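Note sheet for the following structure.
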Amino acid sequence: MSISGKKILIAVSGGIAAYKIHFLIRDLIKQGADVQVIMTPDTERFVTKLSLSTLSKKPVYSDFFGDNGTWNNHVELALWADVMIVAPCTANTLAKMVNGICDNLVIATYMSAKCPVIIAPAMDLDMYKHPSTQKNIDLAESFGHIVIPAESGELASGLVGQGRMAEPETITKTIVQFFNFNLKKNLEGKIVLITAGPTYEAIDPVRFIGNHSSGKMGYSLADEAARRGAKVILISGPSSEKVSEKNIEIHKVTSAKEMFDKVFEFYDTADIGIASAAVADYTPKMVATEKIKKNDESFTIELIKNPDILKTMGEKKKHQFLVGFALETQNEEENAIGKLHKKNLDMIVLNSLRDAGAGFKNDTNKIKIFTPSEKKEFDLKSKDSVAIDILDFVENQYLK
Ligand code: PMT
């Protein structure tokens with residue numbers, strides 16, 4: 001299960017274990033999460049905002065009031081998050097949380113949060129053992145929060161016992177498990193048919209006409225649809241990508257004609273069709289049976305039109321929800337909307353080669369989604385996160 005695209009709010013309170021938060025942030029960012037850090041005022045004595053904001057790629061807030069008379073909106077921060085992690089959570093911060101003592105940005109944000117809360121306490125062993133701390137942990141759990149118990153070992157005081165904050169890997173594992181458990185399997189029972197990658201059109205036994213598609217976008221979509229419970233049929237042109245989820249049936253094809261035939265073997269049973277493949281529009285009229293020799297100064301290949309797979313899916317559409325892609329270099333929106341109508345689609349995803357980091361090969365993409373009545377624009381994101389956005393949009397349209 002990926003935590004890519006998940007919005008994770010980390011609230012750091014003032015204890016020596018705050019230094020471990022650097023590793024936690026690095027871990028979460030590496031996995032594609034969107035991380036926002038806030039801290040109590042005293043935390044700055046242990047770690048710097050600069051190091052935490054460099055790793056999280058976002059400003060770090062510790063006060064209600066920003067520079068130049070601005071206001072750090074705790075309600076907005078709280079509502080943004082998919083999950084809030086309080087780590088390290090000192091005895092003081094824990095006590096304020098469960099008693100509603102709202103005297104800093106962390107507690108105000110916590111009290112405004114509607115998302116689940118995970119707490120990783122850290123303190124000296126006697127403080128951890130103290131009945132008031134244990135009562136506060138019980139109270140936090142009774143609020144529905146997940147408490148990751150402190151670990152045993154040598155503490156900053158030199159004493160040995162339970163009180164060390166759980167290691168960053170343990171906190172990451174808890175977050176991943178949390179999202180795994182809470183993932184809504186909204187596509188359970190649905191069949192999602194996805195085309196991905198390029199097609200290769202043979203000229204002779206050693207040469208072909210192809211394009212730069214890697215298959216990354218389509219494979220990310222396949223994994224995300226499978227995570228949501230769908231049975232996925234992935235029809236892929238040549239690609240070295242791999243899927244990580246089970247429940248994905250992969251059919252490898254080479255040419256547009258082969259992709260066409262494979263798609264229509266499964267199309268009738270599909271509930272959702274997503275065409276992310278970069279299909280060659282033309283193919284050589286004749287394929288030489290032997291390698292073509294370079295005898296002449298110039299060489300001409302006659303091309304004929306390939307079938308338009310997606311257009312045919314649109315023509316044969318019965319119950320299917322159909323999503324197309326448009327890869328454009330100019331008049332992007334006009335061309336995408338044209339394809340939406342011409343191919344009888346429910347939704348089209350536009351990516352433009354004029355946007356840096358978008359389109360072929362990159363691990364990132366920048367998209368706009370159009371339906372016959374709506375338009376939505378997204379930031380540059382990892383292809384895994386783009387797949388989440390696309391499937392969220394599909395679910396909103398298709399399951400409504
Ligand atoms: O694979 P990656 O490296 O991750 O790159 C991803 C991508 C850039 C290939 C992907 O995001 C993308 O844009 N895919 C569609 C590319 C494309 O061929 O766009 P198009 O505007 O030419 O085609 C419009 C739609 O018709 C597409 O959904 C395409 O799959 C479909 N089509 C086109 C021609 C054809 N003969 N049959 C089709 O089904």
Side-chain angles (χ1 to χ4, degrees), residues 193-201 209-224 234-243 253-264 267 270 272-283 303-317 320-370 378 380-387 389-391 394:
L193 174 68
I194 298 173
T195 68
T199 63
Y200 288 175
E201 309 299 317
I209 298 171
N211 60 64
H212 296 295
S213 171
S214 61
K216 282 180 184 163
M217 190 66 253
Y219 280 61
S220 292
L221 282 161
D223 270 334
E224 185 56 27
L234 175 63
I235 302 186
S236 168
S239 165
S240 56
E241 291 299 305
K242 304 237 173 325
V243 290
V253 296
T254 304
S255 65
K257 173 74 176 59
E258 283 171 27
M259 187 174 274
F260 183 95
D261 290 344
K262 205 40 98 180
V263 164
F264 289 102
Y267 186 57
I272 296 169
I274 307 179
S276 68
V279 185
D281 288 321
Y282 290 90
T283 193
L303 300 176
I304 54 167
K305 234 180 180 176
N306 264 330
D308 189 320
I309 304 167
L310 182 59
K311 187 159 179 281
T312 314
M313 288 163 93
E315 285 158 7
K316 290 180 188 277
K317 188 163 88 173
Q320 290 89 349
F321 185 89
L322 207 49
V323 181
F325 270 71
L327 179 65
E328 304 293 341
T329 56
Q330 56 181 343
N331 303 327
E332 290 93 335
E333 294 202 6
E334 196 185 321
N335 289 335
I337 293 166
K339 286 174 187 174
L340 175 78
H341 294 297
K342 211 166 80 193
K343 303 196 185 196
N344 192 23
L345 309 178
D346 298 288
M347 177 176 144
I348 194 155
V349 179
L350 164 66
N351 37 196
S352 167
L353 289 184
R354 286 207 287 189
D355 286 326
F360 289 132
K361 282 193 201 158
N362 306 307
D363 288 331
T364 53
N365 205 357
K366 185 171 187 324
I367 61 160
K368 289 181 191 171
I369 292 181
F370 297 87
F378 297 82
L380 182 75
K381 294 181 182 182
S382 71
K383 280 185 174 159
D384 285 347
S385 303
V386 171
D389 290 337
I390 292 172
L391 283 161
V394 169

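What you are looking at is a predicted structure, and each value in this text was computed from that prediction instead of being measured. We count ligands from 1, going down the list as the structure has it; atoms in each ligand are counted the same way.
Taking every non-hydrogen atom of K216 and a distance limit under 4.0 Å, the qualifying atoms of ligand 1 come out as 1 (O), 2 (P), 4 (O). Near K383, meaning under 4.0 Å from any of its heavy atoms, are these atoms of ligand 1: 2 (P), 3 (O), 4 (O), 5 (O). Taking a cut-off of under 4.0 Å to the non-hydrogen atoms of D281, the atoms of ligand 1 that pass are 34 (C), 36 (N). Atom numbering of ligand 1 starts at 1 in the shown order; those under 4.0 Å from a heavy atom of M217 are 4 (O), 6 (C), 11 (O). Within ligand 1, the atoms closer than 4.0 Å to a non-hydrogen atom of A326 are 21 (O), numbered from 1 in the order shown. Each of the atoms 27 (C), 28 (O), 30 (O) of ligand 1 lies under 4.0 Å from some heavy atom of A275. Less than 4.0 angstrom separates some heavy atom of G215 from each of these atoms of ligand 1: 1 (O), 2 (P), 3 (O).
By the criterion of a heavy-atom distance under 4.0 Å, neither the backbone nor the side chain of M313 is placed next to ligand 1. At a heavy-atom distance under 4.0 Å, no atom of V349 approaches ligand 1. The part of K343 lying near ligand 1 is the side chain, judged by heavy-atom distances below 4.0 Å.
The shell of residues lying under 4.0 angstrom from ligand 1, judged by heavy atoms, excludes G197. S276 counts as a contact of ligand 1, since one of its heavy atoms falls under 4.0 Å from the ligand. Ligand 1 is approached by P307 to a heavy-atom distance shorter than 4.0 Å. Using a 4.0 Å heavy-atom cutoff, N306 is absent from the residues neighbouring ligand 1.
Residue pairs meeting the side-chain hydrogen bond (donor to acceptor under 3.5 Å, both in side chains) criterion with at least one member in residues 352-362, sequence neighbours excluded: E332-S352, E332-R354.
If you run side-chain contact (heavy atoms from CB on, under 4.5 Å) between Y282 and each of N306, I209, L303, I304, only L303 comes through.
For the pair I309 and ligand 1, the shortest N or O to N or O distance falls below 3.5 Å. For a threshold of 3.5 Å applied to N or O pairs, the pair formed by K339 and ligand 1 contains at least one separation below that value.
Annotation: atom 19 (O) of ligand 1 to nearest protein heavy atom, L327 N, 3.4 Å. With respect to atom 38 (C) of ligand 1, the closest heavy atom belonging to the protein is D308 OD1, 3.5 Å. Residue, atom and distance of the protein heavy atom nearest to atom 18 (O) of ligand 1 are A278 CA, 3.5 Å. Looking from atom 8 (C) of ligand 1 to the surrounding protein, the closest heavy atom is G359 C, 3.6 Å. Of all protein heavy atoms, the one closest to atom 29 (C) of ligand 1 is A277 O, 3.4 Å. What sits closest to atom 23 (O) of ligand 1 on the protein, heavy atoms only, is F325 O, 3.8 Å. Protein heavy atom in closest approach to atom 13 (O) of ligand 1: N351 ND2, 2.9 Å. What sits closest to atom 31 (C) of ligand 1 on the protein, heavy atoms only, is L310 CB, 3.8 Å.
Nearest heavy-atom pair across S276 and I194 is OG-CG2, 4.2 Å. Summarising the geometry of P198 relative to P238, their closest heavy-atom pair is CD-O, 3.1 Å, with the distance given to 0.1 Å.
Remark: side-chain polar atoms of S213 are not paired, donor with acceptor, to backbone N or O of F360 under 3.5 angstrom. In this structure, K339 contributes its side chain and G324 its backbone to no donor-acceptor pair below 3.5 Å. Looking only at distances, a side-chain donor or acceptor of K366 sits under 3.5 Å from a matching main-chain atom of F378. Y219 contributes no side-chain N or O that, together with a main-chain N or O of A196, makes up a donor-acceptor pair within less than 3.5 Å.
With hydrogens and angles left out, the side-chain atoms of S382 and D363 include no donor and acceptor closer than 3.5 Å.
Relative to the six-membered ring of F264, K316 meets both conditions, a distance below 6.0 Å and an angle of at most 45° to the axis.
Contacts of F370 classified as ring-ring contact (aromatic ring centres under 6.0 Å, His included), with partners at least two apart in sequence or in another chain: none.
In this structure, L322 and L310 have side chains that are in contact, with non-hydrogen atoms separated by less than 4.5 Å. V253 is not listed as a side-chain neighbour of T199, based on a closest heavy-atom distance of 4.5 Å or more. Contact annotation: the side chain of M347 approaches that of I390 to within less than 4.5 Å [non-hydrogen atoms, C-beta and beyond].
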